[in-house]
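From a predicted model like this one, the values you see are computed outputs, not experimental measurements. As a basis for the values below, the full set of heavy atoms in this structure was taken, side chains included, without hydrogen atoms, waters or symmetry mates. Just so you know, residue 1 is the first one in the sequence shown, and it goes up from there.
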Amino acid sequence: MQIRYRYFTLLLLPLFIFGTFCESSEKSSKVIPSINENIFGFYYNWYGNTEYDGKEIHWAHQVIPQNKNESATEFIPGKENLSSNFYPELKNYSSNDPAIVAKHMKMYARAGIGVVAVTWWGDHYQGSGSLNTLFDEAHKNGLKVCFHIEPYNGRSPQSVRNNISNFLDKFGQHPAFYRIDGKPLFFLYDSYLIPAAEWAELLKPDGVITIRNTNLDSKIIGLWVGKGEEDYFLQSGMDGFYTYFASTGFTYGSTPSNWNYLQRWASSHNLIFIPSVGPGYIDTRVRPWNDANTRDRENGKYYDRMFDAALQSNAKFIAITSFNEWHEGTQIEPAVPFDIPEFDYLDYNPLGPDFYLERTAYWANRFGKQRKL
């Protein structure tokens, strides 16, 4: 099983120097978390282990060749040898294990992240069987859940319409089901793969399969990638856009110096802008040729700069990339020191394993206070 490609070939944009930001000297202060439903945390429930699932899922992984036409020749087997540059405190857990889901939802609440944006590849994908548990545990911790609809095989406006209908049938009455202004919200990863005119059939009021003014009406959030995508979002009928990538400068959307403009433009067109912040990026365990996109965590300063830029943009919502995308090293889930003969894992030292949960709580509180002003 291969992880999806979270990026595509682009000329790497230069890193930008940001304005004022909160120094990590503040990181030592503990924050009493206040859950903020305007903050989304991207959640990956695609992990499995031998003890619970009969095999290593996603912890085991092929090393991805740089050329898509080449065959993978190296394989990371999982168990203690994980396809990640960091090592989880919870080890090679199973996303189907109710105890793990319960621990993760407590971590979300502790970090002040109000909405679990769970990856969704289809009803038969790893983790789909744990969705009921996810919703129940989220509710116990005062959280909400929304779906991050991935580019699964055969995804189309019609299939997404079917997905929305099924989500509402299964979870629409659950108290943890997330809504804005009474409407569900769905992220569409790689929305650009489908032309705007085709999305318009689903998202414009006069579209042939429109959800507008029906019981399926929802807030649909597409992925903004390159410069000059304004017409795409206006023509598609989407309700807003997010930036996803945690590697600053990788795309126009993931470059924080562009967020003030994106927020102003979104506001002027009555759209939702959701900048995505992350603690760093490294995926060289599975993509050893991709070091150019590595972004060092700088003992939390990188995360601080991204969060500060998001607040400075005056965006009404923020997304965190990610809670547990371990393949790409964007996780805020606790990591610990660990070494094996094959690999020396990174960790958060000299910071503690829980640092990024605590730091997220700090920024969630600041964001909440700003929104009340």
Check the orientation of Phe187 and Tyr242. Use parallel for under 30°, tilted for 30 to 60°, and perpendicular for over 60°. perpendicular
Please list, chain by chain and in numerical order, all residues satisfying side chain to side chain donor-acceptor pair (under 3.5 Å) with [X], sequence neighbours excluded.
X: Glu89; answer: none
X: Lys227; answer: none
X: Trp326; answer: Tyr93, Glu333
X: Ser322; answer: Thr330

Pair Glu80-Lys91, salt bridge (charged side-chain N to carboxylate O under 4.0 Å, His left out): steps then yes or no: CA-CA 8 Å; Glu80 291 187 341; Lys91 302 182 179 180; over 6 Å; no
Taking the six-membered ring for Trp and the full ring for Phe, Tyr or His, determine whether the centres of [X] and [Y] are under 6.0 Å apart.
X: Tyr281; Y: Phe245; answer: no
X: Phe42; Y: His148; answer: yes
X: Tyr345; Y: Phe86; answer: no

Under 6.0 Å from the ring centre and within 45 degrees of the ring axis: does the NZ or CZ of [X] meet both conditions for the six-membered ring of [Y]?
X: Arg359; Y: Tyr303; result: no
X: Arg297; Y: Tyr356; result: yes
X: Arg371; Y: Phe317; result: yes

Can you run down the side chain to side chain donor-acceptor pair (under 3.5 Å) pairs that involve residues 231-240, sequence neighbours left out, and say none if there aren't any?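 Residue pairs passing side chain to side chain donor-acceptor pair (under 3.5 Å), neighbours aside: Trp199-Tyr232, Arg212-Asp239.
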Salt bridge (charged side-chain N to carboxylate O under 4.0 Å, His left out) with Asp354: which residues, sequence neighbours excluded? Arg110
Taking Lys301 first and then Asp296, would you say they form a salt bridge - that is, a charged N and a carboxylate O separated by under 4.0 Å?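 No, no charged N to carboxylate O under 4.0 Å.
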Working to the nearest 0.5 angstrom, can you tell me the gap between Asn163 CG and Arg155 CZ?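 The CZ atom of Arg155 is 9.5 Å from CG of Asn163, to the nearest 0.5 Å.
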